[in-house]
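Here is the structure we will look at, set down as structure tokens.
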Amino acid sequence: MTIEFTPWPEPMARRYRDLGYWEDKPLSDVLRVSCVKRPSATAIICAHRYFSYTDIDRLSNNLAQSLLARGLKPYDTALVQLPNIAEFYIVFFALIKIGVVPVNALYSHQRLELTAYAQQLHPTLIVASASHPLFSEGSFLEDLKREIPSLQQALIYGENHYADLLEDGLNFPEQIAQLEPTPAGEVAFFQLSGGSTGTPKLIPRTHNDYLYSVRRSAELCGLGPQTRFLCALPAGHNFTLSSPGALGVFDNGGTVITAPDPEPFNCFSLISQHQINMVALVPPAVALWLKAAEAHRDKLATLSLMQVGGANFAESIARRVPEELGCQLQQVFGMAEGLVNYTRLDDDDPLIFCTQGCPMCPDDEVLVVDENCQPVPPGETGMLITRGPYTIRGYYKSGEHNQAAFDAGGFYRTGDLVQRDGNGYLRVVGRQKDQINRGGEKIAAEEVENLLLRHKSISQAALVAMPDDLLGEKSCAFLVSSDPDLRPLVLRKYLRDLGVAQFKLPDKFKFVRSLPLTPIGKTDKKKLRKVLREKAVTSKV
Ligand code: J2J
């Protein structure tokens, strides 16, 4: 039994090992090293609760043993949906330690997303929170168990019963079973793809590739025991987990402070209360923080590094970060599939404000190519394709999609349009993939279009991005409908009832007689986007 994934070709795997990128250690090594070096240091602060490294190790061992006792075994999979709380990490480490392979759904995900992941993974275990409406009302869990026969075990934690999870009724004074992660060259867990297709894709990440990504990121960002990192974006997102994120902080004996979301007033209080010095944000959150800082900048005195990534970040806002928030800015352009680019801490201002950084690894192979796959000259726009020691070679069980998403040489087609300067620094200037980036939250157009097309009166649907001052992009659905009385309110309710995450609901609906077509007969989304852009300009004048 193993978990399927597309391996790197043997010569490349050997090279990555020879160069020391792949250490053949489990991902839980990040916890082990700090348990040895700084056992009593605070690893996590979650509201009023403080957890030392020893606490996290003991609690995750406890849960691991308890799960083994319940019959979980290596190569089982788990569907996890937890908010930004200490248990997110305890569960993550517990599963990794026993070779159970989790996927972390976003807390904003609803029935459709969780079901789609479960259908692909056939998990044995689900870990979720009773404070989520899906698990506090209705029959979702029973329905899911019925649909997915492999799903035997559910750990659902009520807000006041999280302690049950940690002790789980069984306190193991000593390890009774050997804890055995999956081999380091195999899948440790699944990341989520922002996606551009009808069904959300799962990204198999191996211990080796992910640990490298975490450790190299932490080195590049200067993490150490002094790091006090605010985790305010979803804990499971690749950015906050690995760039260098919480795992990078754990590896260096620092402290992670959890916040439910990036809402500035709560975050500012946490920063001053816990002397936080580092945070990772998406651009819309930065805009809110800038506004809030007008009156409360004194609370940010300890903040020294703000990482910004996930979506386009306007230069004009970037320049305001050091001036108005009093901290250094680092731009991060990454993807859950692998490649992460950073501006370096000692870069000059023009690079920090105007670029999204350069790849973190000398062996990241990055090409900027035209339609014919030929490299474009420096400074010109092209499609970014990449391969390297921590970029996947294929999505989970997606043979057909992988044919399109990866080229014959194993390069991942990111779908991003970039310009690269003579020194390898990238600027993200657009996108080729059919995706909307709503302030860092990714929406696969096809997924929402398919849901809209399930409505009996809708015969054609196209979801496109429209400009938005705060979020950068919002979504607009162009629809051909046989019902002249169909209203946005009704459609939103219809979509919500189908069980889709709130952030995927179109922000605007436009009813049209027909959709414009390209010469080969596909919906001409360029034309639709142009209509929306022109509208935005005229309505502003
Ligand atoms: C413009 N677009 C960006 C940026 C990502 C670190 C940081 C972010 C992510 C992430 C991540 C961008 N400017 N600075 O995984 O480890 C868009 C691109 C990219 C897609 C990936 C990390 N940073 N993007 O955002 O998997 O289109 O990862 O291909 O969610 O976000 O999205 P995701």
Side-chain angles (χ1 to χ4, degrees), residues 103-106 108-109 190-196 200-203 205 209-210 212-214 216-218 220-221 231 233-248 279-286 306-315 317-318 321 329-343 351-361 364 366 368 381 383-386 388 390-392 395 405 412-419 425-445 465 471-473 503:
V103 62
N104 294 304
L106 297 175
S108 56
H109 282 154
F190 291 95
Q191 261 297 356
L192 303 178
S193 154
S196 53
K201 297 275 176 277
L202 293 170
I203 299 173
R205 299 292 306 249
D209 89 74
Y210 212 69
Y212 170 70
S213 175
V214 167
R216 173 66 188 129
S217 297
L220 195 147
C221 297
C231 178
L233 297 176
H237 190 270
N238 202 49
F239 189 9
T240 34
L241 193 61
S242 71
S243 299
L247 296 185
V279 65
L281 292 179
V282 287
V286 180
M306 174 176 285
Q307 302 180 289
V308 180
N312 260 346
F313 192 38
E315 182 195 331
I317 313 266
V321 168
L329 169 69
Q330 177 180 53
Q331 296 215 35
V332 189
F333 164 38
M335 51 207 75
E337 287 81 357
L339 179 72
V340 187
N341 305 273
Y342 295 92
T343 57
L351 287 177
I352 291 179
F353 295 134
C354 311
T355 81
Q356 279 67 57
C358 63
M360 67 167 146
C361 175
D364 278 322
V366 168
V368 184
T381 301
M383 297 174 280
L384 174 65
I385 65 171
T386 185
Y390 62 100
T391 296
I392 56 155
Y395 292 102
Y412 166 56
R413 298 191 168 104
T414 65
D416 290 316
L417 296 175
V418 302
Q419 295 169 350
Y425 277 69
L426 300 169
R427 287 190 337 122
V428 186
V429 295
R431 193 178 319 126
Q432 193 199 24
K433 55 191 164 195
D434 199 5
Q435 187 186 75
I436 291 139
N437 190 334
R438 197 176 182 279
E441 291 187 301
K442 319 297 185 316
I443 304 167
L471 294 175
E473 293 176 13
F503 71 86

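Ligands are counted one by one from 1 in listed order, and the atoms in each one are counted from 1 as well.
With Val418 as the partner, the side chain to side chain contact (heavy atoms under 4.5 Å, CB included) test is satisfied by one option alone out of Val368, Thr381, Val366: Val368. Partner of Phe333 under the side chain to side chain contact (heavy atoms under 4.5 Å, CB included) criterion, chosen from Asn341, Thr355, Val340: Asn341.
Of the candidates Gly309, Ser217, Ser242, Gly334, Gly334 brings a heavy atom nearest to atom 5 (C) of ligand 1. Taking all heavy atoms of Gly310, Ser243, Gly430 into account, the minimum distance to atom 22 (C) of ligand 1 is reached by Ser243.
Around atom CZ of Arg216, more than 12 heavy atoms belonging to other residues, nucleotides or ligands sit under 6.0 Å away.
The CZ atom of Arg431 sits 11.0 Å away from the OG1 atom of Thr414 when rounded to the nearest 0.5 Å. Atom CG of Asn312 is separated from atom CZ of Arg427 by 9.5 Å, given to the nearest 0.5 angstrom.
Near Gln356, meaning under 4.0 Å from any of its heavy atoms, are these atoms of ligand 1: 13 (N), 14 (N). Heavy-atom contacts of Val332 reach the following atoms of ligand 1: 4 (C), 6 (C), 7 (C), 14 (N), 23 (N) (cutoff under 4.0 Å).
The shell of residues lying under 4.0 angstrom from ligand 1, judged by heavy atoms, excludes Gln307. The closest approach between a heavy atom of Lys433 and any atom of ligand 1 is below 4.0 Å.
Donor-acceptor pairing under 3.5 Å is lacking for the side chains of Thr343 and Gln330. Looking at Asp364 and Tyr390, their side chains do bring a donor and an acceptor atom within 3.5 Å of each other.
Looking at atom 33 (P) of ligand 1, its nearest protein heavy atom turns out to be Lys442 NZ, 3.6 Å. Given atom 4 (C) of ligand 1, the protein heavy atom at minimum distance is Ala311 O, 3.6 Å. At the shortest separation from atom 27 (O) of ligand 1 among protein heavy atoms lies Asp416 OD1, 2.5 Å. In terms of protein heavy-atom proximity, atom 26 (O) of ligand 1 is closest to Ala336 N, 2.9 Å.
By the criterion of a heavy-atom distance under 4.0 Å, both the backbone and the side chain of Asn312 are placed next to ligand 1.
An N or O contact shorter than 3.5 Å is missing between Gln331 and ligand 1 by distance. Considering backbone and side-chain N/O of Gly194, none are found under 3.5 Å from N/O of ligand 1.
Judged purely by atom type and a 3.5 angstrom limit, Ser196 has no side-chain atom pairing as donor or acceptor with the backbone of Asp434.
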Decide side chain to side chain contact (heavy atoms under 4.5 Å, CB included) for Gln191 and Leu241; before the verdict, give the C-alpha distance in whole Å, the side-chain angles of both, and the deciding distance to 0.1 Å.
-> CA-CA 10 Å; Gln191 261 297 356; Leu241 193 61; 4.1 Å; yes
